[in-house]
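Remember, predicted model here, so these are calculated numbers, not experimental data. Just so you know, ligand 1 is whichever comes first in the structure, and atom 1 is the first atom listed for that ligand.
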Amino acid sequence: MTEPTLFEKIIAREIPADIVFEDKLCIAFRDIAPQAPLHVLLCPKVPLKMLSEAVDGDGKLLAHLLLTAPRVARLLGYTEGFRLVVNNGSDAGQTVFHLHLHILAGRTFDWPPG
Ligand code: AMP
């Protein structure tokens, strides 16, 4: 059996986190090293490693995550725009191998991203 990831431990309440939203399918908590005034990680509760491992059967879950992200931003008072980031794989900067959407808001963002 593989060792549970950090985010599985947060979902199981084995590690503390500042949880800002939760429903049956997903959980959102503040990033420990925020890159913007709002920096929340939105994760499915099932341990999907990364976006590229998703299959057709994950479609509803992925749609749910995309629909939930603006709700979380709004819930926390950020109505003027936000950026979603998914780092897929270590070359893209993924460090925790449990799919998560970074929800960033509260400042302007450069393009192209670094
Ligand atoms: P990524 O690099 O896309 O895999 O994102 C992982 C994110 O998890 C980084 O932004 C980290 O700052 C964040 N992180 C690491 N440990 C924790 C933790 N214990 N609680 C909340 N966020 C964390």
Practice item. Mind running ring-ring contact (aromatic ring centres under 6.0 Å, His included) on H98 and H100 for me, showing each step along the way? Key: CA-CA 6 Å; H98 181 117; H100 50 283; 7.8 Å; no
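Residues forming a side-chain contact (heavy atoms from CB on, under 4.5 Å) with L61 (at least two apart in sequence, or on another chain): L25, P44, V46. Partners of R74 according to the salt bridge (charged side-chain N to carboxylate O under 4.0 Å, His left out) rule, which considers only residues two or more places apart in sequence or in another chain, do not exist here.
Within 4.0 Å of ligand 1, the residues that place a heavy atom are L6, F7, I10, F29, R30, D31, I32, A33, L41, N87, G93, Q94, T95, V96, H100, H102, listed by chain and number.
More than 12 heavy atoms of other residues, nucleotides or ligands sit less than 6.0 Å from atom NZ of K9. More than 12 heavy atoms of other shown residues, nucleotides or ligands fall within 6.0 angstrom of atom CD in E14.
Annotation: side-chain hydrogen bond (donor to acceptor under 3.5 Å, both in side chains) contacts involving residues 103-114, sequence neighbours excluded, are absent.
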